[in-house]
Protein chains: 2
Amino acid sequence: MPSTTSSGPSLREISRDAVRARITEVALDLFAERGFDQVTVDQIAAAAGMSGRTFHRYFPAKEDVVVGEPERWGEFVRDAFAARPADEPVWDSLLASFEAFIGLLAQDGRVQRGKVGMRILVSTASLRARNLEKHQLWGRMLLPLVAARLPDDGDTALRAEIIVQASLACLDVAFTTWADVDDDTTISELLERSFAMLRPTA
Amino acid sequence: MPSTTSSGPSLREISRDAVRARITEVALDLFAERGFDQVTVDQIAAAAGMSGRTFHRYFPAKEDVVVGEPERWGEFVRDAFAARPADEPVWDSLLASFEAFIGLLAQDGRVQRGKVGMRILVSTASLRARNLEKHQLWGRMLLPLVAARLPDDGDTALRAEIIVQASLACLDVAFTTWADVDDDTTISELLERSFAMLRPTA
DNA sequence: CCGCATGTGTCAGGGCCTGACAGATATGGC
DNA sequence: GCCATATCTGTCAGGCCCTGACACATGCGG
């Protein structure tokens, strides 16, 4: 058993990530060309040189090719939030965490491909649904941390829930309108403007 | 052809609604007992005395039994919003529209059954997803009306989007926490408290 | 060279959903 | 009461998504 010999990602994992990336590339091309619902899993698999069964060994569901790995990125956002100073206003911390996430995407050069993916996403019902589920997962991951930051005024649970959901709505709107327009407006910019509309004016 | 002889709902429609109600009743019982994913469409159909094919003639998808008819209720909410005075603050109009919707549910005596349905809903991934899609539909229906109410400050589109999404998030939180607790807290009360946390403090 | 873990293909099957067809039922006109 | 029509229903066939089970291949360590 190789166990964790030394370096971070094992060879297996590198290979696995590479195959995932290849599948994603092929699939997004097909989706952009024909539409998500008009492409079958077997067609993606064939284009990527594998069987349909193997496709499902990399992606539990067809939607996951577009939506990505909510759990993984959710942990990133959660950790980013946790790393913020404890006396910072929650809205600021949330904004910073989301922007860190956006920066993570940009770093991978996924931005351009991300726009293609986003357009596919907003144009397909089952994808929108899966994406909204992702947000709910993030919400459940962020909720306890946000609640811990709020003053205990007897309504903390509800307030935390609202803040988390509202900020996620901002994130969603930012991504959606970003994918919608053709100019070079930044997601971060849209996100900041969105936050500014909701956060307490104080 | 009967056309529209006179009275509102034709006999066909009454029958159709009755069958739908019967299916809903049977299905919710099964879901509450075994869980949504552990009940097949054929089992629901058998319990309701019909074939699986016929079930799908009343509900396009299994999830629709729990989620209901988003289009229909969305129109109700939209119309309720449109009926509000044009000089009322949008947040007030939205709150009033949602409360009218809640009142509609209560009127049908669906509240108790609604709580059962809500609990099934929040405990099943595919149902949560479908429900969130419903909210997106409502959002698209409300968006133009909300935008028309806002002062044209150059950022109206984004602001309208944010307000709609945030208010829908409030509605979602209100319903979810309502289903979560066992006391007699009203949905309306939760909704008002949620709104109070987001609307401009002015 | 031999075990062992991992990756892959094939096969079979369940579940959701749809189109097509034929039989049953109800509605409205005569 | 009878017929033409529209509607409802069941059955059948099929496609698609996804999963478990099995067998074969590949690569690694001893």
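Computed from a predicted structure; not experimentally measured.
- The CE-C1' distance, from Met50(A) to dA25(D), rounds to 16 Å in whole Å.
- If you take NZ of Lys62(A) and P of dC16(D), they are 9 Å apart, rounded to a whole angstrom.
- Atom pair Gln43(B):CD and dG15(C):C1' shows a separation of 11 Å (rounding to whole Å applied).
- Atom CG in Asp37(A) sits roughly 14 Å away from atom C1' in dC16(C) (whole-Å rounding).
- Regarding Phe55(A), its CZ atom lies at a distance of 17 Å from the P atom of dG7(C), rounded to whole Å.
- Between the side chain of Arg16(A) and the base of dG7(C), no donor-acceptor pair under 3.5 Å is found.
- A sub-4.0 Å separation between OP1 or OP2 of dT8(C) and a side-chain N or O of Thr54(A) is absent.
- Thr40(B) comes within contact range of the sugar-phosphate backbone alone, with a heavy-atom separation under 4.0 Å but no base atom that close.
- The pair Asp64(B)-Arg72(B) does not count as a salt bridge, with every side-chain nitrogen at least 4.0 angstrom from each carboxylate oxygen.
- Across the protein-nucleic acid pair, Arg57(A) atom CZ and dC22(D) atom C1' stand 11 Å apart, rounded to whole Å.
- Ion pairing between Arg20(A) and Glu69(A) holds under the 4.0 Å rule for side-chain N and carboxylate O.
- Contact between the side-chain N/O atoms of Tyr58(A) and the OP1/OP2 oxygens of dG7(C) is not found at any separation under 4.0 Å.
- Here the nucleotide nearest the side chain of His56(B), chosen from dG10(D), dT18(C), dT10(C), is dT18(C).
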Q.
salt bridge (Lys or Arg N to Asp or Glu O under 4.0 Å) for Arg119(B) and Asp182(B)? Distances and angles first, verdict last.
A. CA-CA 11 Å; Arg119(B) 282 177 176 164; Asp182(B) 258 329; 3.0 Å; yes

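- Within the 6.0 Å centre-distance limit, the rings of Phe101(A) and Trp138(A) are counted as a close aromatic pair.
- Contact annotation for Gln38(B): no contact, since no heavy-atom pair falls under 4.0 Å across all strands.
- At a threshold of 4.0 angstrom between heavy atoms, the contacts of Glu63(A) are confined to the sugar-phosphate backbone, with no base atom among them.
- Annotation: of the two residues near DNA chain C, Arg53(B) and Val19(A), the 5′-most nearest-nucleotide partner is Val19(A).
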